[in-house]
Amino acid sequence: MRRKTEAKRDAILDAAMLEFTERGYEGASISAIVGRLGASKQTLYRYFPSKDELFVEVMARIIDRHVATPPENFADTADIRGSLRRHGEHYLKVRLSPDMVSLTRMVFAEAGRSEVSRLLHPRAKMRVADDIGRFLTAVMEMGRLRVADPAVAALHFLALLDAELFEPVVLRVREPAAEDEIVAAVGRAVGAFLAGYGRDGKHPS
């Protein structure tokens, strides 16, 4: 029974993902989603009480699959620069992928009209920030970085990763970023972060 329930939930999310991607949040409708499923609205609402919550679950599913931090990114506390670069490249490549850029534009568009942004924020960027914060806590306790609030430091690191490419790509100010541009931008972000959080102004390895 549980397997059947999970399969139905996955089918709803698959249909919703297609609908939101093709029509945008505003243009997507519950009727169209259940039409894709061949199910009823009552069935969908048993799993997801509102369109906002359904959209948030679609986004959270993508984050779980693609954006969530791979454990190996932060396995090496001896190589702070390498760990931050690995994570930064993974994060920014996914964040700037066509699907994520498209969905991010939808979230921004809904920020002033619905609960989507408020519901999604703790499950998206803040989840990634928590992963980074745990790594920073460990290396600060080892004396490899200056002691600071790791939660704030994690947000500073994410802001540096986003600084060069994210907004211009999402706002269509420029073309999508090539892999070599992402790698170079991450290198500069890591350098700036370590310049700010290194002990006594020294860059850790």
Handout entry: Pairwise side-chain contact, Arg61 with Asp14, heavy-atom cut-off 4.5 Å (strictly under)
Key = yes

Exercise for the section: Output yes when Arg85 and Glu89 qualify as a salt bridge under the 4.0 Å nitrogen-oxygen rule, no when they do not. Expected result: yes

Practice task
Mind listing the closest non-hydrogen atom pair of Leu165 and Ala185 along with its distance?
Solution key: CD1-CB, 4.0 Å

Practice task
Verify side-chain contact (heavy atoms from CB on, under 4.5 Å) between Tyr197 and His156, making sure each step is shown before the conclusion.
Solution key: CA-CA 10 Å; Tyr197 282 93; His156 288 171; 2.6 Å; yes

Exercise for the section: Group every Ile, Leu, Val, Met, Phe, Trp and Tyr by side-chain heavy-atom contacts under 4.5 Å, then state whether Val170 and Leu160 land in the same group. Expected result: yes

Handout entry: Shared hydrophobic cluster, Met140 / Phe193 (ILVMFWY, side-chain heavy atoms < 4.5 Å)
Key = yes

Exercise for the section: Flag yes if Met17 and Met100 sit in one hydrophobic cluster, no otherwise; membership is Ile, Leu, Val, Met, Phe, Trp, Tyr, and two members link when side-chain heavy atoms are under 4.5 Å apart. Expected result: yes

Practice task
Indicate yes or no: at least one non-hydrogen side-chain atom of Ile30 is less than 4.5 angstrom from one of Tyr45.
Solution key: yes

Problem - In one Ile/Leu/Val/Met/Phe/Trp/Tyr side-chain cluster, 4.5 Å: Met142, Leu194 - result: no

Handout entry: Quiz item: cation-pi between Lys51 and Tyr25, 6.0 Å / 45°
Key = yes

Exercise for the section: List the atom of Ala154, the atom of Leu136, and the distance in Å for their closest heavy-atom pair. Expected result: N-CD1, 3.7 Å

Fill in the blank from the handout: On a heavy-atom basis, the closest approach of Ala151 and Asp149 is N-OD1, 2.9 Å

Handout entry: Exam field: side chain Arg146 to backbone Gly196, donor-acceptor pair closer than 3.5 Å
Key = yes

Handout entry: Minimum heavy-atom distance Ala177-Val169, with the two atoms named
Key = N-CG2, 4.1 Å

Exercise for the section: Examine distances only and state if a side-chain atom of Arg144 and a backbone atom of Thr77 form a donor-acceptor pair shorter than 3.5 Å. Expected result: yes

Problem - More than 12 heavy atoms of other groups within 6.0 Å of Glu175 CD - result: no

Exercise for the section: Consider only side-chain N and O atoms of Ser102 and Arg105, and report whether a donor and an acceptor are under 3.5 Å apart. Expected result: no

Problem - Pairwise side-chain contact, His87 with Val128, heavy-atom cut-off 4.5 Å (strictly under) - result: yes

Problem - Side chain to side chain, Arg46 and Lys8, heavy atoms closer than 4.5 Å - result: no

Exercise for the section: State, yes or no, whether a side-chain contact exists between Glu167 and Val173 at a heavy-atom distance under 4.5 Å. Expected result: no

Practice task
Look at atom CZ of Arg174 and say whether more than 12 heavy atoms of other residues, nucleotides or ligands are closer to it than 6.0 Å.
Solution key: yes

Completion exercise
Closest heavy-atom pair, Val190 versus Arg81, reported as atoms and distance to 0.1 Å, is CG1-CG, 3.9 Å

Completion exercise
Taken to the nearest 0.5 Å, the spacing of Arg36 CZ from Ile12 CD1 works out to 14.0 Å

Problem - side-chain contact (heavy atoms from CB on, under 4.5 Å) between Tyr91 and Val186, intermediate numbers included - result: CA-CA 10 Å; Tyr91 167 84; Val186 170; over 6 Å; no

Handout entry: Salt bridge Arg95-Asp162, side-chain N to carboxylate O under 4.0 Å
Key = yes

Exercise for the section: Flag yes if Met126 and Phe157 sit in one hydrophobic cluster, no otherwise; membership is Ile, Leu, Val, Met, Phe, Trp, Tyr, and two members link when side-chain heavy atoms are under 4.5 Å apart. Expected result: no

Practice task
Could you tell me which non-hydrogen atom of Leu84 sits nearest to which non-hydrogen atom of Phe135, and how far apart they are?
Solution key: CD2-CE2, 4.1 Å

Exercise for the section: Nearest 0.5 Å please: distance from the CD atom of Glu57 over to the OH atom of Tyr47. Expected result: 13.5 Å

Practice task
Would you please test Arg86 and Ser83 for side chain to side chain donor-acceptor pair (under 3.5 Å) and show each step?
Solution key: CA-CA 5 Å; Arg86 277 192 299 277; Ser83 294; 3.1 Å; yes

